[in-house]
**Student:** 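Following this message is one structure expressed as structure tokens.
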Amino acid sequence: MKKRKEAVNKLAAENNQLRKQLIKANRDYYEDLVVYMRGKNLFRDDYQLEESLLGILQDLIDAQNDGTDTMTYFGHDPKQTATELLKTIPLRIGNFIWFNLKLAAMMIFIFLAAASDLSKRNLRCR
């Protein structure tokens, strides 16, 4: 698990370095795309997402070098483009289960803390 996280971080770092090669308009579009895709990536494979983003970035740099801007290459709506691209990245059901287990544990902890606080208040009021 740790090696996978390191590999994801390495891809993200490479992405950040290559992004500097984009002109401002293309970089703005691409960064909107990245923010949306990473934000909607809760149950998707992180490694495949970063791999896809890196591939997209390399294509954009090539298109830019050929004189094509990002909007011509991908369209005018980065959110819609990101939504379509996310559909190609498989879900990781383990992430979904782990997320729900943590959420349930947090809710139980909050409930027990609140119940404990209420019982202490009731004892003080008597």
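Just so it is clear, the values below take in all heavy atoms, side chains as well, and ignore hydrogens, waters and symmetry mates. Since the structure is predicted, the reported quantities are computational estimates derived from the model, not experimental observations.
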**Student:** Distance check, rounded to the nearest 0.5 Å: Met71 atom CE versus Asp28 atom CG?
**Tutor:** 9.0 Å

**Student:** Under a single-linkage definition using a 4.5 Å side-chain heavy-atom cutoff for Ile, Leu, Val, Met, Phe, Trp and Tyr, are Leu33 and Val35 assigned to the same hydrophobic cluster?
**Tutor:**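 No; tracing contacts between hydrophobic side chains, which count when under 4.5 Å, never links both residues.
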
**Student:** List the residues meeting side-chain contact (heavy atoms from CB on, under 4.5 Å) with Asp77, not counting sequence neighbours, and say none if there are none.
**Tutor:**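 Asp77 satisfies side-chain contact (heavy atoms from CB on, under 4.5 Å) with Lys79, Gln80 only.
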
**Student:** When rounded to the nearest 0.5 angstrom, what is the spacing between CG in Leu54 and CG in Leu18?
**Tutor:**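 CG of Leu18 is found 6.0 Å from CG of Leu54.
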
**Student:** What's the separation between atom CD1 in Ile89 and atom CD in Gln48, rounded to the nearest 0.5 Å?
**Tutor:** 7.0 Å

**Student:** Exactly one of Lys10, Lys5, Arg38 should register a salt bridge (charged side-chain N to carboxylate O under 4.0 Å, His left out) with Glu50. Which one does?
**Tutor:** Arg38

**Student:** Are any side-chain N or O atoms of Arg27 and backbone N or O atoms of Leu22, one a donor and one an acceptor, separated by less than 3.5 Å?
**Tutor:**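 Present.
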
**Student:** According to side chain to side chain donor-acceptor pair (under 3.5 Å), does anything in residues 57-67 pair up with another residue at least two apart or in another chain? List the pairs.
**Tutor:** Asn26-Gln64

**Student:** Can you tell me how far OG1 of Thr81 sits from OH of Tyr29, rounded to the nearest 0.5 angstrom?
**Tutor:**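 Rounded to the nearest 0.5 Å, the OH-OG1 separation comes out at 3.0 Å.
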
**Student:** Atom OH of Tyr30 and atom OG1 of Thr70: how far apart are they, to the nearest 0.5 Å?
**Tutor:** 10.5 Å

**Student:** With a cutoff of under 4.5 Å between side-chain heavy atoms, which Ile, Leu, Val, Met, Phe, Trp and Tyr residues group with Tyr36?
**Tutor:** none

**Student:** Output all residues satisfying side-chain hydrogen bond (donor to acceptor under 3.5 Å, both in side chains) with Asn9, sequence neighbours left out; order by chain, then residue number.
**Tutor:**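 If we apply the side-chain hydrogen bond (donor to acceptor under 3.5 Å, both in side chains) test to Asn9, skipping adjacent residues, there are no hits.
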
**Student:** Looking at side-chain heavy atoms only, is the closest gap between Thr68 and Leu60 below 4.5 Å?
**Tutor:**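 No, every pair of side-chain atoms sits at 4.5 Å or beyond.
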
**Student:** Rounded to the nearest 0.5 Å, how far does CZ of Arg19 lie from CD of Glu14?
**Tutor:**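 Reported value, rounded in 0.5 Å steps: 12.0 Å.
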
**Student:** Mind checking side-chain contact (heavy atoms from CB on, under 4.5 Å) for Ala25 and listing every partner two or more places apart, or none if nothing turns up?
**Tutor:**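 Checked Ala25 against side-chain contact (heavy atoms from CB on, under 4.5 Å); zero matches.
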
**Student:** Assess the residue pair Glu6 and Lys3 against the criterion (salt bridge (Lys or Arg N to Asp or Glu O under 4.0 Å)); give the C-alpha distance rounded to whole Å, side-chain angles, the decisive distance to 0.1 Å, and a yes or no.
**Tutor:** CA-CA 5 Å; Glu6 288 173 3; Lys3 284 186 179 188; over 6 Å; no

**Student:** Could you identify which residues cluster with Ile108, counting Ile, Leu, Val, Met, Phe, Trp and Tyr as linked when any side-chain heavy atoms lie under 4.5 Å apart, either directly or through a chain of such contacts?
**Tutor:**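 Answer for Ile108: Phe111, Leu112.
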
